[in-house]
Amino acid sequence: MTTPDRISDDNQTCDTLIRHVFLIDGSGGDPVVADVAIADGRIVAIGALETWQAAQVINAPGKVLSPGFIDVHTHDDTNVIRMPEMFPKLSQGVTTVVVGNCGISASPVTLKGDPPDPMNLLGQAGAFSYPTFASYVDAIAAAKPSVNVAALVGHTALRSNHMDRLDRAATDAEIMGMRDQLTEALEHGALGLSTGLAYGNAINAPTEEVLALAEPLAQYGAMYATHLRSEFADILDAMDEAFHIGKHARVPVVISHLKCAGVENWGRSGEVLAALELAEKHQHVGCDCYPYTASSSTLDLKQVTDTYDIQVTWSEPHPEQGGKLLADIAAGWQVDMTEAARRLMPAGAVYHCMSDDDVNRILRHPATVIGSDGLPNDPLPHPRLWGAFPRVLGYYSREQQLFSLAAAVRKMTGLSAQRFGLDDRGLVKVGYWADLVLFDAATIRDAATYTDPMQPAHGIDAVWVNGVLSYRGEGKKATGERAGRFLARKRIQAEETAA
Ligand SMILES: [Zn+2]
């Protein structure tokens with residue numbers, strides 16, 4: 001990497017010059033007015049660059065320039081290859097996605113039939129063609145997605161490769177097979193391991209199975225991310241299990257989409273965050289969160305309830321029911337909700353299962369970074385797929401004043417890159433990759449709703465990925481240049497004390 005300490009006077013040309021912006025650099029520091037120069041994909045100078053020349057000059061007084069947003073929690077595994085435009089993400093200012101969350105990943109995977117639940121969120125059987133992690137890395141290079149891609153390896157995916165049935169614990173021999181595949185992935189730059197222990201196809205994996213599987217992580221400086229075994233009444237036990245796994249494996253832990261789910265669990269976010277803070281004293285832990293009070297996944301009988309709305313988004317046997325409330329479908333069929341859910345499955349759903357207070361408290365916490373958890377293959381996707389990042393800036397920062405704009409940006413850039421080990425990303429800093437987003441702090445907002453979810457956000461003016469202009473706010477169009485790459489893991493360092 002070339003990091004010029006100072007810029008020599010005779011070298012004041014660059015590819016792109018973005019002038020007179022409010023620079024929010026991703027560190028959490030206050031905005032400053034500055035110009036930013038880009039050459040060969042990297043940021044080469046920041047400051048008052050009045051005498052600089054560039055092939056492309058953008059004058060943007062009054063606009064904010066920040067690092068491109070890092071979506072640390074996605075299920076874009078196969079979409080970055082099948083739909084490399086990645087428009088739902090690019091159009092909201094996202095320049096990097098982390099795939100392989102919740103125990104499900106596209107690689108390394110060899111299916112025996114249909115993908116087991118919830119791997120079907122990533123696509124149908126034909127979308128899984130990466131038997132090794134190396135083959136997945138090659139496929140990303142060939143597809144040239146518009147955003148950068150970093151990847152975790154999913155525990156449920158490994159189970160499905162090695163086990164004849166998933167409703168039991170893995171044997172020692174099966175765990176060894178899973179470890180070999182995890183190791184191959186780590187050798188090729190995987191970020192670490194993810195689990196989704198709440199799901200039916202992983203819930204019978206005892207803690208010991210994950211402890212054994214996680215052992216190779218430390219040697220690669222990798223991490224452990226987990227969709228907890230419970231986000232309902234048993235959440236504290238589930239957090240203890242996650243911390244225990246992280247401690248045993250000697251790696252940082254990220255709790256995915258931290259939430260207090262279920263009406264009887266509302267109001268417990270203080271308790272949950274206290275448990276996180278206690279663990280933080282002894283080991284590296286953090287969490288991500290999406291900025292909505294509804295969750296979304298496959299339809300799950302365990303989550304059927306009449307205490308909040310459940311909207312069915314798709315159903316294989318009953319596609320005509322997509323968009324309707326489960327309670328209405330059940331009433332129409334004159335059956336109870338559980339029976340209706342059974343008839344609809346396999347299906348997808350949005351669960352309005354959280355309280356505003358809990359979501360606010362978790363979003364605001366210094367350990368929290370933003371991940372969308374968007375489901376790109378859902379015909380009626382939860383609006384987080386198109387709106388998560390602008391919603392943090394528009395609704396939560398500007399309107400609700402939950403945190404300053406600079407603090408919000410840090411949760412979507414600098415802290416995210418640090419936590420997930422993304423080298424030279426997440427800050428606007430000389431020598432760093434020029435993943436950048438230009439936006440209007442006064443007008444940025446999410447446009448996607450539960451009923452009309454496929455709407456690009458407002459207020460994003462331009463997005464650069466590795467120095468390449470990839471999206472223009474005027475007309476809300478991708479430029480067609482796709483400059484994303486696969487990002488291999490950098491050894492994850494201890495986080496600085498959170499600001
Ligand atoms: Zn999850």
Side-chain angles (χ1 to χ4, degrees), residues 71-79 97-106 115-123 150-160 166 191-203 205 210 223-232 234-235 238-239 241-242 245-246 253-262 265 272 276 285-303 310 313 346-354 358-359 362-363 368-378 381-385 388 416 419-420:
D71 191 348
V72 301
H73 192 100
T74 85
H75 296 293
D76 292 325
D77 299 59
T78 70
N79 297 72
V97 297
V98 175
V99 303
N101 280 286
C102 301
I104 57 175
S105 56
D117 178 272
M119 282 174 68
N120 51 353
L121 293 175
L122 305 182
L152 296 156
V153 172
H155 167 231
T156 303
L158 297 176
R159 298 189 105 224
S160 128
L166 302 178
L191 298 182
L193 174 69
S194 79
T195 56
L197 298 172
Y199 286 106
N201 285 320
I203 203 161
V210 185
M223 59 183 290
Y224 174 58
T226 179
H227 174 148
L228 294 171
R229 202 181 280 276
S230 173
E231 296 174 328
F232 292 82
D234 297 331
I235 185 168
M239 289 173 76
E241 179 184 38
I245 293 164
V253 176
V254 171
I255 297 178
S256 300
H257 44 60
L258 183 61
K259 66 172 78 72
C260 295
N265 214 25
V272 162
L276 187 79
V285 298
C287 62
D288 58 68
C289 182
Y290 48 79
Y292 295 87
T293 53
S295 67
S296 184
S297 188
T298 46
L299 184 59
D300 172 13
L301 292 178
K302 292 198 309 294
Q303 290 192 53
I310 299 173
T313 59
V350 167
Y351 305 87
H352 292 267
C353 65
M354 288 168 257
D358 287 328
V359 172
I362 292 169
L363 279 176
T368 303
V369 298
I370 306 301
S372 73
D373 202 8
L375 300 176
N377 300 308
D378 194 316
H382 184 305
R384 64 196 184 188
L385 177 68
S416 323
R419 184 166 296 158
F420 284 78

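Each ligand, and each atom within it, is numbered from 1 in the order the structure gives.
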Suppose we screen for side-chain hydrogen bond (donor to acceptor under 3.5 Å, both in side chains). Which residues come up paired with Thr298, at least two apart in sequence or across chains? Asp117

Min side-chain heavy-atom separation Ile370-Leu363 under 4.5 Å: yes

Counting only protein N/O/S, how many atoms fall short of 2.8 Å from the Zn ion (ligand 1)? 3

Is it true that the side chains of Thr195 and Tyr224 contain a donor and an acceptor less than 3.5 Å apart? yes

Could you note down all residue pairs passing salt bridge (charged side-chain N to carboxylate O under 4.0 Å, His left out) where residues 289-302 supplies at least one of them, sequence neighbours left out? Asp300-Lys302

Contacts of type salt bridge (charged side-chain N to carboxylate O under 4.0 Å, His left out), residue Asp77, not counting sequence neighbours: none

Regarding Arg384 and Asp373, does a basic nitrogen lie under 4.0 Å from an acidic carboxylate oxygen? yes

